[in-house]
Amino acid sequence: MFPAASLLTTLLLALSIAGSLIEVDISPITLPIARRLNVSKGTTNLLQSDKARVAALKGSQTSSIPVINDAIGYIAAVGVGSPAKTYNLIVDTGSSNTWVGATTPYVKTSTSVNTGQAVSVTYGSGFFSGTEYTDTVTLGEGLTITKQSIGVASLSGSFTNVDGILGIGPEDLTRRTLIKSPATTIPTVTENLYSQGTISQKVFSVSFRPTTSQETTNGELTFGGTDATKYIGSIAYTPITTTKPSSTYWGINESITYGSTTILSSTAGIVDTGTTFLYIATGVYLKCSE
């Protein structure tokens with residue numbers, strides 16, 4: 001988040017770092033996302049949720065542990081089934097499983113197929129477990145995915161007033177989420193949009209305006225490119241880092257300066273829609289505050 005109310009933040013993430021990215025000039029395929037503030041556990045829930053998420057991110061040295069912040073979320077209305085039923089899902093770049101059923105029960109339709117696989121994901125401050133289905137998923141006009149894997153929750157915890165997650169992190173984060181097939185990865189919605197020919201690039205972008213409202217539709221999720229109306233100038237691209245644990249997620253190499261003083265000449269961080277605040281290492285903060 002940035003303090004200036006007029007500042008527009010655009011986040012571009014590429015699922016493949018081979019070769020140069022090409023900016024899309026045609027109108028991108030987008031769906032609106034709404035900021036939702038969950039104050040059911042008090043305002044201290046914001047910091048507590050973020051701390052749990054950051055701790056889980058830092059702890060995933062040898063395994064992929066997706067995490068979620070349920071205090072502030074960006075919510076997309078996603079249709080599942082045919083005819084489609086709408087579910088309000090948290091847009092999360094820090095996890096990759098898409099699932100429903102936390103609040104609104106999953107409704108089976110003619111396109112629903114039970115794979116017989118049990119699925120379970122434990123987050124930094126929450127969890128879900130249930131059954132894997134494949135179904136038709138509708139993300140917006142022109143964005144329909146057939147046979148998309150979704151989790152249907154029979155149990156879930158720490159998800160209030162949302163129905164689940166739209167996971168758009170790296171596909172490898174889905175490893176070890178299918179109980180009987182732990183080595184199997186599950187194609188994300190972005191991967192399937194690309195493989196089914198709906199988008200020409202494995203690229204998605206997120207834009208949102210800072211706001212003080214508890215709930216407002218102030219952002220967009222775009223698949224297949226960028227929306228040129230959401231930024232000024234050109235986008236600077238950076239490769240995904242190879243430094244763990246940031247490389248497990250959408251991590252990038254960066255440096256940190258304070259005024260003219262270099263605090264860290266090189267470090268790795270995570271670009272994450274599920275974290276409310278900006279975080280730096282304690283030692284770096286102490287150096288800044290001296």
Side-chain angles (χ1 to χ4, degrees), residues 15-16 31 56 60 63-68 70 75-124 126-140 142-159 162-199 202 204 221 223 248-249 274:
L15 302 191
S16 173
L31 67 155
S60 60
S63 62
S64 301
I65 306 174
V67 288
I68 190 68
D70 68 339
I75 312 300
V78 177
V80 179
S82 181
K85 182 171 180 60
T86 301
Y87 301 89
N88 293 317
L89 305 183
I90 298 171
V91 177
D92 187 35
T93 60
S95 66
S96 303
N97 291 76
T98 293
W99 63 275
V100 301
T103 301
T104 304
Y106 174 63
V107 176
K108 298 178 185 178
T109 68
S110 60
T111 54
S112 304
V113 177
N114 186 334
T115 69
Q117 286 271 14
V119 58
S120 179
V121 183
T122 299
Y123 300 95
F127 73 94
F128 97 91
S129 61
T131 305
E132 183 197 34
Y133 278 73
T134 60
D135 210 335
T136 298
V137 171
T138 304
L139 298 176
L143 279 177
T144 299
I145 309 168
T146 60
K147 299 180 180 179
Q148 171 64 46
S149 169
I150 60 168
V152 175
S154 55
L155 292 172
S156 64
S158 295
F159 292 93
V162 296
D163 298 318
I165 293 176
L166 179 67
I168 51 176
E171 183 177 321
D172 195 56
L173 286 176
T174 64
R175 199 180 303 274
R176 293 180 291 279
T177 62
L178 294 176
I179 305 304
K180 295 180 181 178
S181 306
T184 300
T185 59
I186 301 170
T188 65
V189 293
T190 316
E191 292 283 352
N192 278 332
L193 283 169
Y194 177 75
S195 65
Q196 294 178 19
T198 306
I199 58 176
K202 295 187 202 178
F204 67 84
L221 173 60
F223 289 92
T248 307
Y249 302 87

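This structure is a prediction, so every number in the text was calculated from the model and none was measured.
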Contact summary for I90 and I75, nearest pair of heavy atoms: CG1-CD1, 3.8 Å

I165 side chain near S95 side chain, heavy-atom distance below 4.5 Å: yes

side-chain hydrogen bond (donor to acceptor under 3.5 Å, both in side chains) evaluation trace for Y133 with S149: CA-CA 6 Å; Y133 278 73; S149 169; over 6 Å; no

Geometric class of the F128/W99 ring pair [parallel <30°, tilted 30-60°, perpendicular >60°]: parallel

Side chains of N114 and K108 in contact at under 4.5 Å (non-hydrogen atoms): no

CG-OG1 distance between D163 and T104, expressed to the nearest 0.5 angstrom: 3.5 Å

T174 OG1 to E191 CD distance, which is reported to the nearest 0.5 Å: 9.5 Å

Stepwise side-chain contact (heavy atoms from CB on, under 4.5 Å) check, L143 with L193: CA-CA 8 Å; L143 279 177; L193 283 169; 3.6 Å; yes

Check: T177/N97 side-chain N/O donor and acceptor closer than 3.5 Å: yes

L139 vs I145 side-chain heavy atoms within contact, under 4.5 Å: yes

Minimum heavy-atom distance between V119 and G151, given as atom pair plus value: CG1-CA, 4.1 Å

From OG1 (T93) to CZ (F204), nearest 0.5 Å: 6.0 Å

Counterpart residues, side-chain hydrogen bond (donor to acceptor under 3.5 Å, both in side chains), relative to T111 (two or more places apart): T109, D135

Reported CG-to-OG1 distance for the pair N88 and T103, which is rounded to 0.5 angstrom: 9.0 Å

Side chain to side chain, T131 and Q117, heavy atoms closer than 4.5 Å: no

L166 side chain reached by D92 side chain, heavy atoms, under 4.5 Å: no

Flag, side chain of Q196 to backbone of T146, donor-acceptor distance under 3.5 Å: yes

For the student: nearest non-hydrogen atoms of G167 and T98, plus distance: N-OG1, 3.3 Å

S96 side chain to G169 backbone, donor-acceptor under 3.5 Å: yes

T115 side, atom OG1; I150 side, atom CD1 - distance, nearest 0.5 Å: 10.0 Å

Heavy-atom side-chain proximity of V80 to T136 below 4.5 angstrom: no

Close side-chain approach of Y123 to S158, heavy-atom, < 4.5 Å: no

Smallest separation among heavy atoms of Y249 and G94, with atom names: CE2-O, 3.4 Å

Inter-residue atom distance R175.CZ - S181.OG, 0.5 Å rounding: 12.0 Å

S129 to S120 - nearest heavy-atom pair and separation: CB-OG, 3.9 Å

Heavy-atom check, side chain of V189 versus side chain of V78, under 4.5 Å: no

Heavy-atom closest contact (Y106 atom, S112 atom, distance): OH-OG, 2.9 Å

Pair T185-E171, side-chain donor/acceptor within less than 3.5 Å: yes

Residue pairs, two or more places apart or on separate chains, that pass ring-ring contact (aromatic ring centres under 6.0 Å, His included) and touch residues 165-194: none

